[in-house]
2 protein chains.
Amino acid sequence: MLARPALSDAPVQSAHDRVYRGLRQQVMLGELAPGTALTLRGIGTSFGVSMTPAREAVRRLTAEGALTLSASGRITTPELSNERIEELASIRALLEPELASRALRRAHLALIDRMESINEANARAIHTQDPVAYIRTNLEFHRSLYLRAQSPAMLGLLETVWLQLGPTMRALYTRLRRTTAPPHHRLILEALRAGDDAALRLAVRTDVTQGLRHLQV
Amino acid sequence: MLARPALSDAPVQSAHDRVYRGLRQQVMLGELAPGTALTLRGIGTSFGVSMTPAREAVRRLTAEGALTLSASGRITTPELSNERIEELASIRALLEPELASRALRRAHLALIDRMESINEANARAIHTQDPVAYIRTNLEFHRSLYLRAQSPAMLGLLETVWLQLGPTMRALYTRLRRTTAPPHHRLILEALRAGDDAALRLAVRTDVTQGLRHLQV
DNA sequence: CATTCCGAAATGTGATCACAAACCGAGCGC
DNA sequence: GCGCTCGGTTTGTGATCACATTTCGGAATG
């Protein structure tokens, strides 16, 4: 079908992996509203593959909480209850300060500069009212820091939490209608520059909980 | 046999779900040594199904970290590096005290009694040198407490950590050759009876880290 | 005796098909 | 007008097949 030169770092992408990555990104970035229905045949044709790879990708994403299967096997993006949102937020509040703290020692100036530029892109996304770009830059801001923690398992767990929150994040964003950048990003950057572990943990924690705590579906 | 209320309890067991549950239990309880090779056809025939449900179960378990796929797609149980074991242990040390603390308010006397009887079964498993029974009762001890936390997402994350540690736990057990029950289980029970949150968190944390911290592959 | 090479066996991948269950809307009865 | 039923259509599930790739043991070679 479509031959594509691999410009990314992944050398060979099996069909189910392409589907997995594509769907995962759509879910994590909030391109799909909560409760959106998907079908194996629809996914397959939209990615140019048969049902088999689509099924494997869905099974994988369901295991990660990115998708929900009804009792009869129908596929939807998750619709989270308020309790579930609270719980996922508290998991973020548990994991992210720990990851930030672990990254603190290894956070060189180049990283902080890069986070600063990501944060500017984040502010632009807010200004242009682009929810997907806002979510993407926000996650990139956090992930670029946590990558330095050298804790792949913990980061992996956190990403599944982000995945579960993806569709809801989009819904929350449109409800919130931000006009100004999240203030805690600046605090995070300042704590990083100062090398202040306690301040960093606190800034990350409040940044994580602030967005999710009191605006719920 | 004890009922095992996991995060998803479907009354109808489709073929791939039976395979998933079966393999998951084998991995989590340490019935498979690290690096054990599996094949789709082998799994299929051993569960009396074709390759298709076996593939879905493997994909699901791989997403949870219970199995590892080589670059060419071969299926093995994970062989963890020392750093990975350390990291998973620290994740347990992060999640389990939180779950215990959340369960503390709801831990009635009936629960504590049940945990005590599970702990006795755990001691018997040590006495009879039964690694699988030891791992199972140990996990049951913790899970029966954490279920009271009413935090399904957090418990789900923790179970994927247990899954990843399953094969290694077995290897560690045979290396350790315990002859006496883990002392911290008593401390956990005492803290529960006293309603002492700080003591409970500490007891759980040390129980979790003690077994994994200093005996590595 | 160790190393390399080759081919048969094994293995994962993706496509296709048959089938039962679920879903949904039109039509009917009340 | 409203609820229920019934039919066609959609959808997930599992089996089977063809095929490319990997794996691995043994033979050939030095």
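Note that the structure is a prediction, hence the values are computed from the model and not measured. Each chain gets a letter, A, B and so on, in the order its sequence line appears, and its residues count up from 1.
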Any base atoms under 4.0 Å from Leu38(B), or only sugar-phosphate, or nothing? Heavy atoms, all strands. sugar-phosphate
Please check: side-chain N/O of Thr160(B) versus main-chain N/O of Glu64(B), any donor-acceptor pairing under 3.5 Å? no
How close or far is atom P of dG12(D) from atom CD of Glu56(A), stated in whole angstroms? 15 Å
Separation of atom CD1 in Ile43(A) from atom C1' in dT13(D), rounded to whole Å: 15 Å
Does Arg55(A) get its side chain close enough to the base of dG14(C), under 3.5 Å, for a donor-acceptor pair? no
Taking atom P of dG14(C) as reference, at what distance in whole Å does atom CZ of Phe47(A) sit? 14 Å
Value in whole Å for how far the C1' atom of dG14(D) lies from OH of Tyr20(B): 20 Å
By nearest atom, which of the nucleotides dG14(D), dT23(D), dG14(C) is closest to the Ser14(A) side chain? dG14(C)
Closest to the 5' end of DNA chain C, once Arg74(A) and His16(A) are matched to their nearest nucleotides, is His16(A)
Expressed as a whole number of angstroms, how long is the span from Met51(B):CE to dT16(C):C1'? 14 Å
Gln13(B) CD to dT13(D) P: how many Å, rounded? 15 Å
Ignoring hydrogens and geometry beyond distance, is the side chain of Thr52(A) in donor-acceptor contact with the base of dA15(C) at under 3.5 Å? yes
Under 3.5 Å: donor-acceptor pair, side chain of Ser144(B), backbone of Met115(B): no
Identify which nucleotide among dT13(D), dA15(C), dA15(D) has an atom closest to any side-chain atom of Ser50(A), counting heavy atoms from C-beta outward. dA15(C)
Closest of dT13(C), dT13(D), dG14(C) to the Pro53(A) side chain is dG14(C)
Value in whole Å for how far the P atom of dT11(D) lies from CD1 of Ile75(A): 10 Å
Counting only side-chain N and O atoms of Arg59(B), is one of them less than 4.0 Å from OP1 or OP2 of dG14(C)? no
Donor-acceptor pair, side chain of Arg170(B) and main chain of Gly30(B), under 3.5 angstrom: yes
Between Glu56(B) and His16(B), is there a donor-acceptor pair closer than 3.5 Å when you use the side chain of the first and the backbone of the second? no
From CZ (Phe141(A)) to CD (Glu120(A)), nearest 0.5 Å: 11.0 Å
Taking only N and O in the side chain of Ser72(A), is any of them less than 4.0 Å away from OP1 or OP2 of dC23(C)? yes
Gap between atoms CG and P, on Leu40(A) and dA22(C) respectively (whole Å): 16 Å
Nearest to the side chain of Val49(A) - dA15(C), dG12(C), dA15(D)? dA15(C)
